[in-house]
Structures are given as C-alpha cells and as structure tokens.
Number of protein chains: 2
Amino acid sequence: MAGNLNEAPDLERAPERLGDAAYRQMKERIIRGVYRPGHKLTVRAVAQDLDVSTTPARDAINRLTSEGALVYTGPKTVVVPVLDATDLREITLTRLALEGLASEQAAQHGTPANVEELKSLQRLINSALQEKRYAEALWHNKEFHFTIYRLSGLPQLVSMIESLWLRIGPSLHNLYPEFAEEKYGVRNHEIAMESLEERDAASLRAAMENDIRDGYRRLKRANLERGAGTSA
Amino acid sequence: MAGNLNEAPDLERAPERLGDAAYRQMKERIIRGVYRPGHKLTVRAVAQDLDVSTTPARDAINRLTSEGALVYTGPKTVVVPVLDATDLREITLTRLALEGLASEQAAQHGTPANVEELKSLQRLINSALQEKRYAEALWHNKEFHFTIYRLSGLPQLVSMIESLWLRIGPSLHNLYPEFAEEKYGVRNHEIAMESLEERDAASLRAAMENDIRDGYRRLKRANLERGAGTSA
DNA sequence: TTCACAATTTTGTTGCAACAAAAATGCAGC
DNA sequence: GCTGCATTTTTGTTGCAACAAAATTGTGAA
C-alpha cells in the first residue's frame, strides 16, 4: 500500500470535460493578455467565443471567479480585475511567501537538465524582449518561474501560485513597452540559475523574491501613473 | 476616486445564490466533520441533502473540487480526501508560509478588544476539551486562528488559508479523543495572545507556527497508526 | 452638457431531461 | 472464499428554456 489513496489506478488521462477545456482556454487568454483589466465577461459571450454551450462557459467563469482571477463588480457583472495599490500589495506579499517557499524547495531537486531548460527559456525571453514581442516575453517569463516552482515537487503549492499569477497577469500587459528598457528580470534570472546549479536554497529564494519585488515596483509605478492619468 | 475600482457602489449585500449557499453549507459540513475522509459525494445526493436542484449542488461540488477540498478518485467519483504523508507535508509547508505571513501582519493591527475576543474563544476551547466535546473544540480552535488571520487585513490571503483548512479539516476529526490529552494547542495559544498584546510580530508568528507543527505531528502519528492498522 | 428616470434589452441562475460513461451488482466458475 | 466478467443501476455532463433581475439605452427636463 504505497500509492496515494485518492488516486484510482487508471486515472491516467481522464477525458477532458468541456468545462475544463473552457477553463483552461480562459486561463490562457487571461495570462496572454487577450482579456485586459476591466474587460467584462458574459456567459453567453464566452460560450460563443469558445464554441460551447452556456453550461461549460458558466462553469469556467464561476471557477475563475472563485479563484479570484475574475471579480464581480455587480450582481451580474464579472470583469477581469483592475488591481489597486492594496490588491497589489496583498498579492505581492502572498507571492513572496509562496513562491519563496517553492523556490527554496526547488533548490533541492534541480538537475543539470533543468538548468539547461532554464537557460533555453532565458534565451527566448531575451530575444523576445529585444524584438519587442512583449506578450511573448511575459509568457516565457512565466514558464521560467514555473519551471523552477515545479521542481519543488509540491503540486498543490504550484497551483496556488498559478492562481496568483492569474490575478496579476492581466496587469502585467500594461507595463510594456517601458518594462523592457531595463531588461526585465534578466539579472535575477541569471542569479537564480546559478543558485539552482549550486543547490543554494537561500540564494535561489532571494533571487526569485527580488524578481517579484522588481515586478511589484514597476506595477506600482504604472498604477500610480495610470491612476493619475485617468481620474480626471 | 479612492475606492476599489472593482467594487460597484451598491455591492453591499448581493442576494445569495443557491450555489453559494450550497457551497457554504458543504464547507461547514466538511469542517465540522459531517463528511469524513473517504466519504463519497454525488451530485444528486448533495442536492437532496441541501434541498436544491442538481445545478447548485453541482456548482458547489465543482468549486470545492477545484479548491482541493474534494478530490476525484475516478472520472465520476468525488470524495473527501484521505491525506497521505506527502499531502500532509505539502499542506503543512504551505500553511506555515501563509499562516505565518498572516500572523506577522496581524500583529500590527491587534487591539485590546481582539485580545479579549481571543481569550473568550480560548475559554470555549478549554471547556469543550474538558467536557470531551471534541468537534466543538476544533470549531472554536478554527475561530481562534482565523480571528488572528483576519487581523492581517489581507482578505485574499485569509481565504487561501481557509482553503487549506478545508483540506486538513476532515482529517482532524480522526485525532480525538487522543489529542485532548495534551490540551491541544493551549500553550501556543496563550503565547499567541501575549504576543498580540505586545504587538510582537515575530513572536506571534512563532507561536502560530508551533501550533501548526504540533498539529502536523499528531496527524502524522495518527496517519501512521491508521495506515498500519488498515493495510492488513 | 448633465442628471434623473422609464423603457428595453441583456444577463445569470435555476431546474430538468437526455445521453454516454462509469460504478455497483450479480453470477459463474474455480 | 475469491476472481473475472456481463448486466444493471447510478452518475456527471451538457444543452436549453423560462424567469427574475440587472444593465443598458433612450428620453426629456433643467
């Protein structure tokens, strides 16, 4: 009796339900910036977008809402959240705790192959930044982070972190083109890769935390400018 | 323009949807130990239990499942999770990170009234333990913890913590009557209250972390015994 | 232009039936 | 008793229509 008691023997690949597929696609659209902060979502519109009936569309919206990736602004109005300074601070504090933990744990499990994978992702980030394909850079940046987090061997933790990225994801698309000027995150990523190579947990954690804090500062600045610009 | 952009002016009390009510009731049943680890849940049974149609029942189950409070053991089988050692470790690590953060932040906002509230909760815990009303003791224990966490002023963090309690909640009911012998958590709670009074963030965090680790040890022990006893 | 308010359209929720698929059951055969 | 297999029952998902409620639009007055 060694396996997880909750896993059935043949739960290898359950056929994906329409609701799950809708959820997955919505998630990707949110991260990729297809839906921007403030965008309003309706059950019927999503159903049409994804070419399913209202039930799976509603499932997906409900799930995203209960995760905090979408928010109610009225009894019948769901939108992609517009983060204010308070939200941003809360999410960042939580990210530091969770992603810090994941990084720390990851340090114990890194292999040379993982480091290679990260280097390859970093090259993709770099060239995307250089060629001003910002959305793509963000996408690879996400992959870079999660490649590390998955090394923690703590899948539930990883999915909690994912739900946090879903909350800030849309706002990140408001950062470019400015954010590329300083080569977003490059230095921190380099240190992270070195730390992983050396299995230095504290250093890896510090590098990832720095990266999160960097992003936070940029978002906060952009938020202030934006807030000042649109309030008139 | 100061308020949260996502909140509509009159979002005071949206009328509760049946699905939300079902979710809330299910959550309480899970925490209170009505549904024990391994218990199988079906849409139609839940619908009947809560006296609603299948749609809200399905909503509630789906939501709980995506939170990790319920798990699939087969394509059509949802059960209250039976935690193994790996799950337990992962949840505990995450709890330490999140509840540690919440405690730290809470220390800055505690008032004498809050301390009184905690003392009152602790009295309830003590008498429940003494009179062997274990389920009640667990309930008040939960309130004790969340009264502190809510002081953090980080509502999203609190609800992430709640989802973790939902995952371990059912397993806690397998601990008694043994767990009362050592007056579960009393000492840590006392230190926590003192720390809050003195606004000592590090000390409050340490006390809460100790409490979490204590619980973890008990669960791990009970898990081993149970595992050994049922494998034959 | 701005505001208030009424008319109209849009929208989420809910209940339910049909269907395919999975789980439970029963039954041989050993 | 136990295993393997076929039958029966149970189950989740999906699509959809009806309904009440909310959001939007349009109108007119100041």
Side-chain angles (χ1 to χ4, degrees), chain A residues 5-26 35 38-67 69-82 231-232, chain B residues 1 5-26 35 38-82 231-232:
Chain A
L5 291 171
N6 294 318
E7 267 173 313
D10 55 352
L11 191 57
E12 299 157 10
R13 255 186 271 158
E16 193 177 42
R17 293 166 297 177
L18 288 182
D20 290 340
Y23 169 73
R24 201 171 32 73
Q25 289 176 56
M26 293 280 295
Y35 300 137
H39 186 103
K40 183 181 168 182
L41 294 162
T42 66
V43 171
R44 286 166 177 87
V46 168
Q48 198 164 17
D49 275 8
L50 306 184
D51 203 49
V52 292
S53 82
T54 60
T55 307
R58 184 173 171 268
D59 279 355
I61 291 179
N62 276 341
R63 193 162 160 190
L64 258 355
T65 303
S66 85
E67 269 185 58
L70 299 176
V71 300
Y72 283 97
T73 60
K76 291 197 176 185
T77 319
V78 172
V79 302
V80 178
V82 179
S231 69
Chain B
M1 198 196 254
L5 291 171
N6 295 316
E7 268 172 314
D10 55 353
L11 191 57
E12 299 158 9
R13 253 185 274 159
E16 192 176 43
R17 293 165 299 177
L18 288 182
D20 291 339
Y23 168 73
R24 200 170 32 73
Q25 290 175 55
M26 293 279 295
Y35 299 137
H39 186 104
K40 183 181 169 183
L41 294 162
T42 66
V43 171
R44 286 167 176 87
V46 168
Q48 198 163 17
D49 276 8
L50 305 184
D51 202 49
V52 291
S53 84
T54 59
T55 307
R58 183 173 171 269
D59 280 354
I61 291 178
N62 276 342
R63 192 162 161 190
L64 259 353
T65 303
S66 86
E67 269 184 56
L70 299 177
V71 300
Y72 283 96
T73 60
K76 291 197 174 184
T77 319
V78 171
V79 301
V80 178
V82 178
S231 69

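Here is the naming used below: chain letters follow the sequence lines, and residue numbers restart at 1 for every chain.
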Under 3.5 Å, side-chain donor or acceptor atoms of residues 54-63 of chain A against the rest of the protein: list the pairs with distances, not counting sequence neighbours.
unit_1, atom_1, unit_2, atom_2, d
A:R58, NH1, B:D59, OD1, 3.4
A:R58, NH1, B:D59, OD2, 3.3
A:R58, NH2, B:D59, OD2, 2.9
A:D59, OD1, B:R58, NH1, 3.4
A:D59, OD2, B:R58, NH1, 3.3
A:D59, OD2, B:R58, NH2, 2.9
A:R63, NH1, A:D20, OD1, 3.3

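- For residues 68-79 of chain B, no residue pair satisfies the salt bridge (Lys or Arg N to Asp or Glu O under 4.0 Å) rule, not counting sequence neighbours.
- Residue contacts for B:T77: at a heavy-atom cut-off of 4.0 Å it reaches the sugar-phosphate backbone alone, with no base atom in range.
- The phosphate of C:dT14 has neither OP1 nor OP2 within less than 4.0 Å of any side-chain N or O from B:S53.
- Contacts between residues 38-52 of chain A and DNA chain C, defined by a heavy-atom separation below 4.0 Å, involve A:L41, A:T42, A:V43, A:R44, listed by number.
- Looking at every heavy atom in both residues, A:P81 comes nearest to A:L70 through CD-CA, 4.0 Å.
- Donor-acceptor pairing under 3.5 Å, judged by distance alone, is absent between the side chain of A:K76 and the base of D:dA23.
- In this model, a side-chain donor or acceptor of B:T55 finds a partner on the base of C:dG15 within 3.5 Å.
- In this structure, CG in A:L64 is found 5.5 Å from CE in A:M26, a value given to the nearest 0.5 Å.
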Could you go through residues 39-49 of chain A and list every donor-acceptor pair under 3.5 Å that involves a side-chain atom there, pairing it with any protein atom two or more places apart or in another chain?
unit_1, atom_1, unit_2, atom_2, d
A:T42, OG1, A:A45, N, 3.1
A:D49, OD2, A:Y35, OH, 3.4

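- The OH atom of A:Y72 sits 15 Å away from the P atom of C:dT11 (whole-angstrom rounding).
- Taking atom CZ of B:R17 as the reference point, atom P of D:dA21 lies 15 Å away to the nearest angstrom.
- Proximity of residues 56-64 of chain A to DNA chain C (heavy atom under 4.0 angstrom from any strand atom) is restricted to A:R58.
- Look at CG on A:D20: it is 12 Å from C1' on D:dG12, rounded to the nearest Å.
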